[in-house]
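Structure first, then comments.
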Amino acid sequence: MENPANPKYRTNGGAGTVDKIFLLSIGEAETYLPSQEERALDNWWWLRTPGCNLLTAVSVYADGSLYDGGINVHFPDGGVRPAMWVLLRE
């Protein structure tokens, strides 16, 4: 799965991921959780897209808005909202 660059800051997303459980990118969060209300949780949470530099990652605020500048990856708070692909067979 591709790790796209940050669309605003053009920070390189790095190598693609082959992880079975992963964090959403900005594009995936906007596609699968299109409204701010659907992204809202009790706390902010990380995305895998880099922020304005390689020391930050884009996050989603508790109200569901995206912070594309990113939060420093050493920041101890926040959360994750893991995602995974499931292949359904008939």
Side-chain angles (χ1 to χ4, degrees):
M1 178 178 335
E2 180 185 351
N3 283 327
N6 183 302
K8 181 175 181 181
Y9 298 98
R10 305 212 185 278
T11 311
N12 186 339
T17 183
V18 295
D19 298 327
K20 297 193 186 301
I21 297 177
F22 54 92
L23 300 181
L24 297 173
S25 67
I26 289 175
E28 291 162 344
E30 292 174 331
T31 298
Y32 302 119
L33 303 166
S35 72
Q36 197 169 320
E37 291 78 25
E38 291 174 293
R39 292 188 298 264
L41 291 175
D42 292 337
N43 199 357
W44 66 269
W45 49 282
W46 298 103
L47 296 178
R48 78 171 185 271
T49 304
C52 63
N53 61 53
L54 294 177
L55 295 176
T56 60
V58 174
S59 60
V60 180
Y61 286 131
D63 69 0
S65 61
L66 296 172
Y67 178 47
D68 59 7
I71 294 176
N72 189 297
V73 296
H74 294 112
F75 199 74
D77 295 329
V80 295
R81 194 170 186 174
M84 65 184 223
W85 294 110
V86 177
L87 178 61
L88 300 176
R89 298 182 190 247
E90 293 185 23

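Just the heavy atoms: all of them, side chains too, but no hydrogens, waters or symmetry mates, feed the values below.
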- Query: Okay, side chain of Gln36, backbone of Asp63: is any donor-acceptor separation there less than 3.5 Å?
  - Reply: yes
- Would you kindly say whether Glu38 and Ser35 are connected by a side-chain donor-acceptor distance under 3.5 Å? yes
- Message: My understanding is that only residues two or more places apart in sequence, or in another chain, count here; which of them pass ring pair (Phe, Tyr, Trp, His ring centres under 6.0 Å) with Tyr67?
- Response: Tyr61
- Message: Under the side chain to side chain donor-acceptor pair (under 3.5 Å) definition, can you give me all pairs with a residue in residues 79-89, not counting sequence neighbours?
- Response: none
- Query: Does Phe75 share a hydrophobic cluster with Leu41, counting links as ILVMFWY side-chain heavy atoms below 4.5 Å and allowing steps through other members?
  - Reply: no
- What pair of heavy atoms forms the shortest contact from Pro50 to Pro4, and how long is it? CD-O, 4.0 Å
- Query: Taking C-beta and beyond as the side chain, do Ser65 and Val60 meet within less than 4.5 Å on heavy atoms?
  - Reply: no
- Message: Looking at every heavy atom in both Asn12 and Leu54, which two are closest together, and how far apart are they?
- Response: O-CD2, 3.7 Å
- Message: If hydrophobic clusters are built from ILVMFWY residues whose side chains come within less than 4.5 Å, do Trp45 and Val58 share one?
- Response: yes
- Query: When you measure from the side chain of Asn6 to the backbone N and O of Tyr9, does any donor-acceptor pair fall under 3.5 Å?
  - Reply: yes
- Any side-chain heavy atom of Leu47 within less than 4.5 Å of one from Leu23? no
- For Thr17 and Arg48, work out which heavy atoms get closest and say how close. CG2-NE, 4.4 Å
- Message: Applying a strict under-4.5 Å side-chain criterion to I, L, V, M, F, W and Y, I'd like to know whether Ile21 and Leu88 cluster together.
- Response: yes
- Item | From CA spacing to verdict: side chain to side chain contact (heavy atoms under 4.5 Å, CB included), Leu33, Leu24 | CA-CA 10 Å; Leu33 303 166; Leu24 297 173; 4.2 Å; yes
- Return yes if some donor-acceptor pair links the side-chain N/O of Asn3 with the main-chain N/O of Gly14 below 3.5 Å, else return no. no
- Task: Indicate the atoms forming the closest heavy-atom contact of Phe22 with Met84, along with that distance.
- Result: CE2-CA, 3.7 Å
- Message: With a 6.0 Å cut-off (strictly less than), is the heavy-atom count around CG of Asn43, excluding the residue itself, greater than 12?
- Response: yes
- Residue set satisfying ring pair (Phe, Tyr, Trp, His ring centres under 6.0 Å) with Trp44, at least two apart, ordered chain then number -> Trp46
- Does a salt bridge link Glu30 with Arg39, judged by any charged N lying under 4.0 Å from a carboxylate O? no
- Taking Thr56 for the side chain and Ile71 for the main chain, is one N or O donor matched with an acceptor at less than 3.5 Å? no
- Can you tell me how far CG of Asn72 sits from OG of Ser59, rounded to the nearest 0.5 angstrom? 11.5 Å
